[in-house]
Amino acid sequence: RDVPVAQGDRIKRAYVQFEGNAWGAWVNEGLILHGELAANAASFEDVKNNITSRRKTVASVECPPDIWDMRTLNCRTPDLASVIQEIAAQPDWQKGNSLVLIIGGSSQGEPSSWDDGQGKYSPMLYIEVE
């Protein structure tokens, strides 16, 4: 929510930083990240196919297989600038809109993907604009 990118901004760099919520490792066996191709993504709902039915961006980023150490902050995606750029380039995109990132592939273990109410474990999207 409230993405601080205006339409036409040039995205220099973007990534998601996951936080570890337990000791151990998350084995990424090869992930692919897309965005939802929507000018203002709808909130998630607890209904069948809520994520898989969303229209994906053409741009995608492969996250090569790796072991992410949950005891450190080494749980970061590759650069997602091309994905974010495609979303923000849509004619109806406005600063403050919402976007969705869709992660596909397989892994063993998991980083946190929820907010504990204090922001302690929620993943953070970082976007650097030129």
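In plain terms, the two heavy atoms of His34 and Val83 that are nearest each other are C-CG1, 3.8 Å. The nearest pair of heavy atoms linking Ile84 to Ala14 is CG1-CB, 3.9 Å.
Contact annotation: the side chain of Arg76 never approaches that of Val16 to less than 4.5 Å [non-hydrogen atoms, C-beta and beyond]. Here the side chains of Tyr15 and Asp79 are not in contact, with every heavy-atom distance at 4.5 Å or above.
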Determine all donor-acceptor pairs shorter than 3.5 Å in which one atom belongs to a side chain in residues 87-103; sequence neighbours excluded.
residue	atom	partner	partner atom	Å
Gln90	NE2	Ala38	O	3.1
Gln90	NE2	Ile87	O	2.9
Trp93	NE1	Val5	O	2.8
Asn97	ND2	Ala39	O	2.6

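Among residues two or more places apart in sequence or in another chain, the side chain to side chain donor-acceptor pair (under 3.5 Å) test is passed with Asp2 by none. A search for salt bridge (Lys or Arg N to Asp or Glu O under 4.0 Å) contacts involving Glu45 returns nothing, not counting sequence neighbours. Scanning for side-chain contact (heavy atoms from CB on, under 4.5 Å) contacts around Glu62 gives Ile32, with sequence neighbours left out. For Gln85, the side-chain contact (heavy atoms from CB on, under 4.5 Å) partners are Arg10, Ile11, not counting sequence neighbours.
Among residues at least two apart or in separate chains, salt bridge (Lys or Arg N to Asp or Glu O under 4.0 Å) pairs with a member in residues 46-59 are Glu36-Arg54.
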Review point. Given the rule in the side-chain contact (heavy atoms from CB on, under 4.5 Å) test, do Val61 and Ser82 qualify, once you have shown the distances and angles that lead to the verdict?
Key: CA-CA 8 Å; Val61 174; Ser82 63; 4.1 Å; yes

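Under the 4.0 Å criterion applied to side-chain N and carboxylate O atoms, Glu128 and Lys12 are assigned as salt-bridge partners.
A distance of 8.5 Å separates CG in Leu33 from OG in Ser60, rounded to the nearest 0.5 Å. To the nearest 0.5 Å, atoms CD (Gln17) and OG1 (Thr77) are separated by 8.5 Å.
Of the possible donor and acceptor atoms, none in the side chain of Asp9 sits under 3.5 Å from a partner among the backbone N and O of Val129.
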